[in-house]
Amino acid sequence: MKRIVVLTGAGISAESGIRTFRDSGGLWEEYDIMDVATFEAWEQNRDLVMEFYNQRRKQLYEVKPNEAHYALVDLEKDFDVRIITQNVDDLHERAGSSHVMHLHGELKKVRSTVDDSLVYDLDGWELKVGDHCEKGSQLRPHIVWFGEPVEMIPAAADLSSTADIYVIIGTSLNVYPAAGLVGYVRPGTPVYLIDPGEMSVGHIPGVRVIREKAGRGTRQLAEMLRSGKSG
Ligand code: APR
């Protein structure tokens, strides 16, 4: 079976009703990254950071996967599909994808602030001050904040280098090191990019752009790949 490695970003969850970050109306228009998505913010204004992630986690219980997520699940019938996502939602898992790697953490998980290896599934949407790990420390969102190391990058780079087909869906490729993963793809590997927006892709040799929203674009690509017309 050919291996398809898929790098996804916020755009794949947009049609599920989850805001992206840098589109108009995106999250970073309403919040300053430095106020809600850094360890310093957590130390200086824990309540605001807690509330930012509680609200995003609460929304997860109100949304569901869209046809783009399901199209990737369907591809598993004919391909070995591995997903590397920048998203912290659980929509890939809920759609049924078998292999999902979260580069930037997971909204539904929390972790100890004294021992990074202590990670827990959060029961419900609300993390509160006073919720402690087994070692008695305050639990924090299991999210990679700006300035924190992306521990999964070596594994994601290795996985990207094994792709027979590489697909990029719904990411502005603004944030490194995630945006650099395409550089690990073997020369000559077909690379597809699905995004309705205009974005510069000159740095991706031979990329084939499908200028569509994720749902329609991923379905189109899946049909192409299954019919053997490309890949
Ligand atoms: N279908 C597909 N793509 C879409 C759709 C859609 N319906 N709507 C928007 N997009 C595209 C936008 O054109 C843009 O290229 O999704 C991309 C969203 O880009 P960002 O908002 O920058 O999100 P992302 O690339 O995932 O951000 C990367 O930055 O803020 C951090 O950690 C956060 O993981 C996030 C990282």
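Whatever order the structure lists them in is the order used to number ligands and atoms, beginning at 1.
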Nearest to atom 8 (N) of ligand 1 by heavy atom, Ser13, Ala178, Ala14: which?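 Minimum heavy-atom distance to atom 8 (N) of ligand 1 goes to Ala14.
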Looking at [X], which atoms of ligand 1 are within less than 4.0 Å of one of its heavy atoms?
X	value
Gly9	26 (O)
Glu15	1 (N), 6 (C), 7 (N)
Phe146	30 (O), 31 (C)
Thr20	21 (O)
Gly170	3 (N), 16 (O), 17 (C), 18 (C)
Ala214	1 (N), 2 (C), 6 (C)
Asp195	11 (C), 12 (C), 13 (O), 14 (C), 15 (O), 16 (O), 17 (C)

Atom of [X], atom of [Y] and distance for their closest heavy-atom approach:
X	Y	result
Met1	Lys77	CE-O, 3.4 Å
Ala178	His104	CB-NE2, 4.2 Å
Gln86	Gly9	NE2-CA, 4.0 Å

Among protein heavy atoms, which lies nearest [atom], and at what distance?
atom	answer
atom 36 (C) of ligand 1	Val175 CG2, 3.8 Å
atom 3 (N) of ligand 1	Pro196 CD, 3.2 Å
atom 12 (C) of ligand 1	Asp23 OD1, 3.4 Å
atom 30 (O) of ligand 1	Trp28 NE1, 2.8 Å
atom 28 (C) of ligand 1	Gln86 OE1, 3.3 Å
atom 27 (O) of ligand 1	Arg22 NH1, 3.0 Å
atom 5 (C) of ligand 1	Gly11 O, 3.6 Å
atom 26 (O) of ligand 1	Ala10 N, 2.8 Å

Going by salt bridge (charged side-chain N to carboxylate O under 4.0 Å, His left out), Asp90 matches just one of Lys109, Lys64, Lys108. Which one?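 That would be Lys108.
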Taking it one step at a time, do Glu151 and Val144 satisfy side-chain contact (heavy atoms from CB on, under 4.5 Å)? CA-CA 9 Å; Glu151 307 288 359; Val144 179; over 6 Å; no
Heavy atoms, side chains only, cut-off 4.5 Å: are [X] and [Y] in contact?
X	Y	result
Thr218	Leu221	no
Leu181	Tyr166	yes
Leu107	Trp125	no
Tyr176	Val150	no

Counting only heavy atoms closer than 4.0 Å, does ligand 1 sit against the backbone of Thr171, its side chain, both, or neither?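 Both the backbone and the side chain of Thr171 come within reach of ligand 1.
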Under 4.0 Å, heavy-atom basis, I'd like to know which part of Lys213 is in contact with ligand 1: side chain, backbone, both or neither.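 Both of them.
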Does [X] reach ligand 1 with a nitrogen or oxygen that is under 3.5 Å from one of the ligand's nitrogen or oxygen atoms?
X	answer
Ser172	yes
Glu212	no
Ile12	no
Phe21	yes
His104	yes

Does ligand 1 have any atom that is closer than 4.0 Å to a heavy atom of Gly26?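 Heavy atoms of Gly26 never come under 4.0 Å of ligand 1.
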Give a yes or no on this: more than 12 heavy atoms of other residues, nucleotides or ligands lie within 6.0 Å of atom OH of Tyr70.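 Correct, the count exceeds 12.
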Can you say whether the rings of Trp42 and Trp145 are parallel (under 30°), tilted (30 to 60°) or perpendicular (over 60°)?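 Taking Trp145 first and then Trp42, their aromatic rings sit tilted (interplane angle of 30° to 60°).
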Mind checking whether His92 and His69 have parallel, tilted or perpendicular rings, split at 30° and 60°?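 Ring orientation of His92 relative to His69: perpendicular.
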Please walk me through it: do His102 and His142 pass side-chain contact (heavy atoms from CB on, under 4.5 Å)? CA-CA 11 Å; His102 285 271; His142 183 50; over 6 Å; no
Can you measure from CG (Leu72) to CD1 (Ile169) and round to the nearest 0.5 angstrom?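 Between atom CG of Leu72 and atom CD1 of Ile169 there are 4.5 Å.
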